[in-house]
Trainee: 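Below is one structure. I have some questions about it.
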Amino acid sequence: KQWYQRRVAITAGDALLQFPNITTLYLHGNQLMSLNEVKRLSGLPGLRTLTLHGNPLEALDGYRQFVLGTLPSLKQLDFSSVTKQDRADAENWKKLCSKKMKMSKKKKAAE
């Protein structure tokens, strides 16, 4: 139920997504660039532990909040336990981003 992968890009056809019961996934030290790659991991409902540190996406604003908002089943991220405050921050981040998206869509529609 554990998967350790080096030098990987997460794609829809990745073998790991064929194992929805994976509980632990080590993806640290790869070249994951986009938070969209994290969205694909939502196909792993049993995922409890994830490491992504050492990837370029770790430097993006809202990285931790996005990951926890996208993968609410996580109990540990980057070797750090997920706290109640982390959950609250992730929820607030999600609401803020949703609000920004709506405002952006309204602005585009008005143009």
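Position 1 is the first residue of the sequence; numbering continues from there.
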Trainee: How close do Gly43 and Pro20 get, counting heavy atoms only, and between which atoms?
Mentor: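 Closest heavy-atom pair between Gly43 and Pro20: O-CB, 4.2 Å.
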Trainee: Find out if a path of hydrophobic residues (ILVMFWY) with successive side-chain heavy-atom gaps under 4.5 Å connects Met33 to Leu27.
Mentor: no
Trainee: Can you confirm whether Phe66 sits close enough to Leu57 that some side-chain heavy atom of one is under 4.5 Å from a side-chain heavy atom of the other?
Mentor: no
Trainee: Do you know which of Leu74, Thr24, Thr23 makes side-chain contact (heavy atoms from CB on, under 4.5 Å) with Thr49?
Mentor: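 Output: one option passes, namely Thr24.
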Trainee: If you define the side chain from C-beta out and look only at heavy atoms, does anything of Ser80 sit under 4.5 Å from Arg64?
Mentor: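 Yes, side chains in contact.
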Trainee: Please name the residue in the list Thr51, Asp78, Asn55 that meets the side-chain hydrogen bond (donor to acceptor under 3.5 Å, both in side chains) test with His28.
Mentor: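 With His28 as partner, Thr51, Asp78, Asn55 yield a single side-chain hydrogen bond (donor to acceptor under 3.5 Å, both in side chains), made by Thr51.
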Trainee: Measuring from atom CZ of Arg48 to atom CG of Leu71, what distance do you get when rounded to the nearest 0.5 angstrom?
Mentor: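 If we round to the nearest 0.5 Å, Arg48:CZ and Leu71:CG are 11.0 Å apart.
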Trainee: What's the shortest heavy-atom distance between Pro45 and Ser73, and which atoms?
Mentor: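 Closest approach of Pro45 to Ser73, heavy atoms only: O-OG, 3.6 Å.
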Trainee: For a quick test of reading the model, state the closest non-hydrogen atom pair linking Ala90 to Gly69 and the distance between them.
Mentor: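 Minimum heavy-atom contact is CB-N, 3.8 Å.
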Trainee: Nearest 0.5 Å, please: how far is CD in Gln85 from CG in Asn92?
Mentor: 8.5 Å
Trainee: Can you tell me how far apart OH (Tyr63) and CG (Leu77) are? Round to the nearest 0.5 Å.
Mentor: 4.5 Å
Trainee: How long is the gap from OG on Ser81 to CG on Asp86, to the nearest 0.5 Å?
Mentor: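 Answer rounded to 0.5 Å: 9.0 Å.
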Trainee: Can you spot which of Leu50, Val82, Thr83, Asp89 makes a side-chain contact (heavy atoms from CB on, under 4.5 Å) with Leu68?
Mentor: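 Only match with Leu68 under side-chain contact (heavy atoms from CB on, under 4.5 Å): Val82.
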